[in-house]
Amino acid sequence: MSELEEEYRLDYFEEEDFVRKECTECGDFFWTRDEDRRTCGEPPCEDYQFIDNAGFDGEYSLEEMREAFLSFFEDQDHERIDPYPVAANRWRDDVLLTQASIYDFQPLVTSGQTPPPANPLTISQPCIRMQDIDNVGKTGRHTMAFEMMAHHAFNAREDLEDPDQYAYQGEVYWKDETVEYCDKFFESMGADPEEITYIEDPWVGGGNAGPAIEVIYRGAELATLVFMSMEQDPDGEYEMKDGNRYSKMDTYVVDTGYGLERWTWVSQGTPTVYEAVYPEMIAFLKDNAGVEHTEEEAQLVHRSSKLAGHMDIDEAEDMEAARDNIARELDVSTADLEALLEPLEDIYAIADHCRTLAYMLGDGIVPSNVGTGYLARMVLRRTKRLCDNVGVDAPLDELVDMQAERLGYENRDTVRDIVRTEIEKYRETLEQGGRRVERLAKRYAEEGEPIPTEELVELYDSHGIQPDMVEEIAADFGTGVDVPDDFYSLVASRHDSGQPFEEETEDEDRFDDLPATDRHYYEDQFGTDFEAVVLDVFEREGEGAGDGDASEGEPVYDVVLDQTMFYPEGGGQPADRGALTTDDTTVQVEDVQIRDGVILHRTDEPVGKGDIVRGNIDVERRRRLMRHHTATHIVIHAAREVLGEHVRQAGAQKGIDSSRIDVRHYERIDRETRDEIERVANEIVMENTSVQQEWPNRHEAEEEYGFDLYQGGIPAGKNIRLIHVAEDVQACGGTHVRRTGDVGTIKILNTERVQDGVERITFAAGEAAVEATQRTEAALADAAEILDVVPAEVPETAERFFEEWKARGKQIEDLKEQLAEARASGGAAGEEVEVGDATAVVQRLDADMDELRATANALVEEGKIAVIGSGADGAQFVVAVPEGVGVNAGEVVGELARKVGGGGGGPPDFAQGGGPDGAKLDDALEDAPEVLRQVRNA
RNA sequence: GGGCCCAUAGCUCAGUGGUAGAGUGCCUCCUUUGCAAGGAGGAUGCCCUGGGUUCAAAUCCCAGUGGGUCCA
C-alpha cells in the first residue's frame with residue numbers, strides 16, 4: 001500500500017537484522033527484530049503490556065525522564081535548546097498554541113529562510129492540544145498538556161546550484177541515523193530491543209509530507225519519527241494518503257516526537273498516565289475532595305483502569321460502550337462503576353488542566369474573549385466546574401500554582417492574580433446567568449411548558465450558560481428542558497456567516513528585476529537630504545491617496561531609486577513625506593512602501609528614468625514620528641513595570657499627534673494606574689539615557705532577551721535589528737531619537753478596553769503632548785468661564801449645578817400639577833359642553849405635554865371629560881375621560897389629530913395625539929363637542 | 001477578527017410607541033420588653049450618551065461608551 005516502500009528500506013534495518021512484516025490485524029507494514037512477531041504491536045492490534053509490568057530498567061519521574069532524554073542526545077552531539085512558550089502566536093501568526101516541537105521552527109527555519117538555533121538539536125517542548133479535552137481523565141492516557149521530547153536535524157540537498165540560498169547547508173543526518181538514535185535511546189533505558197516495532201506510516205500535514213515511522217513498545221506508541229521532505233505539488237511524483245500529490249523539497253528535516261508522559265508512564269507501569277505524571281497533586285486532590293476507597297474498591301478501580309487502557313476509546317462516543325464492556329468484565333453494574341470512577345476522572349482532569357493553565361498563564365497568555373486568551377478562559381472555567389463537581393474546595397489559584405511551581409515559572413504571583421480575577425468574573429457570570437435562568441424557568445413553569453431549545457441556545461451563545469445548568473434550575477422550578485443531541489451544532493449554525501475572504505493583492509512581478517533599494521534611514525536616522533539615481537518609474541492610474549495633494553482619479557507614480565532616506569510604512573510607523581527635486585522639477589512624495597526590499601516613492605508627478613534627484617524629507621513630520629516611536633517603547637516598558645511582566649503588545653499605531661498601543665492585561669486600567677504608567681514613562685524620559693540600535697544574530701538575541709523581543713511582529717533573517725530604550729529591548733524596524741530625553745514628554749490621553757483582556761493606551765509625545773495638554777486645559781478653562789469659577793472649582797460647581805437642575809425639574813413638575821389642579825377647580829378658561837350625561841371641558845392651553853396631562857388628570861378628578869389642545873409645538877391634544885363615561889378617548893384624539901394632519905391614540909380613558917398643522921388647532925377644538933357626541937353615539 | 005446579548009430606583013430586575021413600575025433596601029410613624037418580625041405612609045429616576053424616524057421614543061433605527069458571551 002505504501003508508495004514510499006523504498007523509503008523504508010534502511011541500511012540500519014539491514015545491519016541490525018530487522019525483518020519487514022505485515023500486521024495480521026491491521027495490515028500495516030512494520031520492522032522488527034523478532035522473526036515470529038505477527039502484529040504491529042499498536043493498540044487495538046495488541047493490548048498494553050506495560051501496566052503492572054514496567055518497561056525499563058527503573059522508574060522515572062517526569063523530571064528524571066526529561067533529563068535522561070536530553071542528556072542522552074547531548075551525548076550524541078545534539079545541542080540542548082530551551083523550550084519555547086506554549087503560546088505559539090508569539091513567533092508565528094498561523095496557529096494559537098504550540099502543538100509539537102517542530103512548531104518552534106516553522107515556518108522560517110523549516111523553509112530554510114533562517115538558521116535553526118543549533119543543528120542538530122534536542123528539546124523537550126511543552127505542548128497543548130485542546131482537541132483532546134473531552135477525553136482527559138477518562139481514557140487513562142489523554143492529556144491536554146504534554147511535553148514532546150525531540151531531536152531535530154535540518155538538512156539541505158547537497159547538489160544545489162546555489163546552496164547559500166538557504167540558511168543551512170548540507171546533510172546533518174537522515175533516516176538511518178534517526179532510527180539508530182531512537183533504537184539506542186531505548187537501549188539506554190534498558191528496553192528489550194526484540195519488543196520494539198517500527199511501523200511504516202507516511203505523514204502528511206500542513207502542505208508538507210514525508211515518510212514517517214511510529215515506534216511501538218509494549219503496546220504503547222512511544223515515538224514518531226517524521227522525515228519531512230516533500231511539499232504539495234500538483235505535478236509531484238508521489239501521491240499521499242490525503243489524495244494530493246507531493247514532490248521533494250530542497251530542504252529536508254528530521255522531526256521526531258517522544259511523548260514525555262508516555263515514557264514516564266511506561267517506566268512506572270501505573271494503570272493511568274496521570275498517576276505516573278502527577279502523583280503528588282492527585283494525592284492532594286483526592287484528600288481534599290475526600291475521595292477514599294476501601295481495599296475492594298481500590299482493586300476494582302485498578303482493574304478497571306487497566307481495561308480502559310487497553311481499549312480503543314479515542315472518541316467520546318465510544319466511552320459509554322467501553323464503560324459497559326468494562327463493567328461486564330468486572331462483573332459490576334455500569335452505574336456502580338461510574339459512581340466509583342467519575343470522581344477520579346474529574347481529579348485526573350483537574351490535575352492536567354491545572355498544568356495546562358500553568359503553562360498558558362505562565363507563558364503570559366491573558367484570559368480574554370479572543371485568541372489564546374479565550375482558550376485559557378475555557379480551560380479555567382472547565383476546571384472550576386470540575387472542582388465544584390467533585391468537591392475540591394482548594395482555591396484554583398493554589399492548584400494552578402502547584403503546577404506552576406513544579407514547572408519552574410517565576411511569575412507565579414501574577415498567575416495567581418489572573419486566576420483569582422478570572423474566577424471572580426466567572427462567579428459573576430454564573431450568578432447573573434443563574435438569575436436569568438430562574439426568571440425564564442419561572443415563566444415557562446407557569447405556562448406549564450418546558451424551556452424551548454431556542455432559549456437554551458440563546459442562553460449559551462449570549463450568556464455562556466451551559467445546558468446542564470439550565471436543566472438543574474428548571475427542575476427546581478418544576479419544569480424541564482429539551483436538550484437536543486445536536487445542541488452544539490445549533491449554536492454553531494448561528495455563527496456560519498460567510499467567511500471573510502482574504503484579499504490577495506497579487507503584486508506584479510514588475511519589481512523583480514530591480515535591486516533592493518539601499519536604505520540609509522538606519523545608518524543615519526537623522527538624515528533628511530540625499531542624492532539618488534532614478535532606476536525606474538511606474539505610472540498607476542487613479543490611485544491618488546485622498547490625503548495627499550493628488551486628488552482621487554489623478555494618476556500617481558511609483559519612483560524607484562538606487563538609495564533612499566525615506567522610511568517606508570512599517571512596524572506601525574507611517575511612511576515619510578517629502579519631495580524629490582531634479583534640475584527641472586520638484587515632485588511631492590505622498591507615500592512610501594516597501595515590496596521585497598524595493599522601496600517605492602509614490603509621487604504626484606513623474607521624474608525621468610536615469611535622472612539624478614535630490615530627496616528631502618519632511619523633517620517636522622519625521623521628528624514627530626520618531627518621538628512617538630521611541631515613546632511607544634517607553635510606554636510599553638512602563639506598562640510592564642506597573643502592570644506586570646505578562647504585559648505584551650497586541651498592536652500599535654504611531655502618529656503625528658498621538659500614538660496608541662494595545663496591551664494585554666487582565667484588568668481595566670484605572671486612572672490611578674494610568675497616572676502611574678505616565679509617571680514611570682516620564683521618569684525614563686528624564687533619565688535621558690541613550691537609545692541604541694544593533695543587528696545581532698537572531699538566536700543569540702533570543703537567547704539573551706527571550707521572545708519578548710517580538711512585541712511588534714517577527715522579522716525574517718539571520719540578523720535582526722534591536723532597539724534598546726533604557727532597559728527595554730525590542731526587535732524593531734522603526735526610526736528613533738538619540739536619547740530618551742529627546743522625546744520631551746509623554747502624556748497619556750486615554751485608556752480604553754478594545755477587547756476583553758486588551759487595553760488601548762493612547763498617548764502623545766513631545767510637542768504633541770504639549771498640544772494635547774493645552775487642548776484639555778482650554779476645555780476646562782472654557783467650562784470654568786461658563787460657570788464663572790476658577791478651574792479647580794469646576795467639578796464641585798458642576799455637581800452643585802447638576803443637583804440644583806434636578807431639584808428644579810422636580811419642583812417644576814410639582815408646580816405644574818398644582819397649577820393644573822387650580823385651573824380645574826377654578827373652572828376658568830375652558831368651555832364647558834354637555835355630552836349626554838357628562839360634562840366636557842374643551843380648552844386651549846399652550847403648554848407642553850406634561851402640563852396638558854396634569855390638567856386633564858385634574859379635570860377627570862372632578863368627574864369631567866377633558867379635551868385639552870396645545871399650540872406650543874405644532875398642535876397637540878390630550879383627551880381624558882372619567883370612569884363610567886361612554887366615550888373612547890383614543891377615538892376622540894384620533895379624530896382631532898386628523899384635522900391637524902397627524903395621528904394619535906392611547907387607552908380609552910387617556911389618549912394623546914397631535915399633528916404638525918398648528919394653525920388648524922382652534923378649528924379642531926371648535927369641532928370637539930361634535931366629535932365627542934359622535935364618538936359617544938358610535 | 002467576526003457574531004450575538006445587555007444597559008431603567010442604592011441593589012435585583014419587569015416594562016408590546018401613548019401618564020415610568022415591582023421586589024428588596026432607605027426614611028417616617030404605629031405594634032412589640034428586646035431581638036426577629038408585622039402594619040401604615042413616603043422619597044426614590046438626565047430610563048448610558050449623541051443623532052434619526054414619529055403627532056408622540058425607556059420602547060424603533062444608526063453611531064458611540066460601558067459590560068457580558070459564543071465562535072475561529
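Everything quoted here is computed from the prediction, not taken from an experiment. A note on names: the letters A, B, ... follow the listed sequences, proteins ahead of strands, and every chain is numbered from 1.
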Taking atom C1' in both B:A72 and B:A14, compute the distance separating them and give it to the nearest angstrom.
37 Å
query: A:Val491 near the nucleic acid: base, sugar-phosphate alone, or nothing, with a heavy-atom cut-off under 4.0 Å?
result: sugar-phosphate
**Q.** Charged N-O contact under 4.0 Å between A:Arg671 and A:Asp675
**A.** no
B:C27 and B:G45: how far apart are their P atoms, nearest whole angstrom?
16 Å
- Carboxylate-amine/guanidinium contact A:Arg377 A:Asp756, below 4.0 Å: yes
_Euclidean distance for C1', B:C26 against B:U12 (whole angstrom)_ = 16 Å
Mind checking if A:Glu428 touches a base, just sugar-phosphate, or nothing, with heavy atoms under 4.0 Å?
nothing
I want to check one thing: is the phosphate of B:G68, taken as OP1 and OP2, less than 4.0 Å away from some side-chain N or O of A:Ser462? no
Testing B:C70, B:U19, B:C46 for proximity to the side chain of A:Lys806, the answer is B:C46
Review point. Is the shortest side-chain N/O distance from A:Arg898 to OP1 or OP2 of B:C55 below 4.0 Å?
Key: no
Check: Taking NZ, NE, NH1 and NH2 as the nitrogens, is one of them in A:Glu431 or A:Arg427 under 4.0 Å from a carboxylate oxygen of the other?
Finding: yes
Q: Measure up the A:Tyr710 and A:Phe707 rings against each other and bin them: parallel (under 30°), tilted (30 to 60°), perpendicular (over 60°).
A: tilted
**Asked** Looking across every strand, which nucleic acid part, if any, lies under 4.0 Å from A:Gly914 by heavy atom: base, sugar-phosphate, or nothing?
**Response** base
For a quick test of reading the model: is some side-chain N or O of A:Gln432 closer than 4.0 Å to OP1 or OP2 of B:G68?
no
Stems with RNA chain B, 3 or more Watson-Crick or G-U pairs in a row (under 3.5 Å), are B:1-7 with B:65-71, B:10-13 with B:21-24, B:26-31 with B:37-42, B:48-52 with B:60-64
**Lys/Arg-Asp/Glu bridge criterion (N-O < 4.0 Å) met for A:Asp670, A:Arg668** = no
OP1 or OP2 of B:G68 under 4.0 Å from side-chain N/O of A:Arg753
yes
Exercise. For A:Tyr460, which contact category applies under a 4.0 Å heavy-atom criterion: base, sugar-phosphate, or nothing?
Worked result: sugar-phosphate
How is A:Gly915 classified with respect to the nucleic acid when contacts are heavy atoms under 4.0 Å: base, sugar-phosphate, or nothing? sugar-phosphate
Between A:Asp927 and the options A:Lys899, A:Lys920, A:Arg898, the salt bridge (charged side-chain N to carboxylate O under 4.0 Å, His left out) test singles out A:Lys899
inquiry  = If I pick the C1' atom on B:A56 and the same atom on B:U24, what distance separates them, to the nearest angstrom?
reply    = 34 Å
Exercise. Report which part of the nucleic acid A:Gly901 touches: base, sugar-phosphate, or nothing (heavy-atom distance under 4.0 Å, all strands).
Key: nothing
For B:C61 versus B:C29, give the span between their P atoms, rounded off to a whole number of Å. 49 Å
So, A:Gln131 versus A:Gln99: side-chain donor-acceptor pair below 3.5 Å or not? yes
Taking the six-membered ring for Trp, are A:Tyr460 and A:Phe487 parallel (under 30°), tilted (30 to 60°) or perpendicular (over 60°)? perpendicular
With a cut-off of less than 4.0 Å, is there a side-chain N or O of A:Lys810 near OP1 or OP2 of B:G45? yes
For nucleotides B:A36 and B:G25, find the distance between their P atoms and express it as a whole number of Å. 12 Å
Report task. Compare side-chain N and O positions of A:Arg377 against OP1 and OP2 of B:C70 and report whether any pair is under 4.0 Å apart. Result -> no
C1' spacing across the pair B:A7 / B:A58, given as an integer number of angstrom:
11 Å
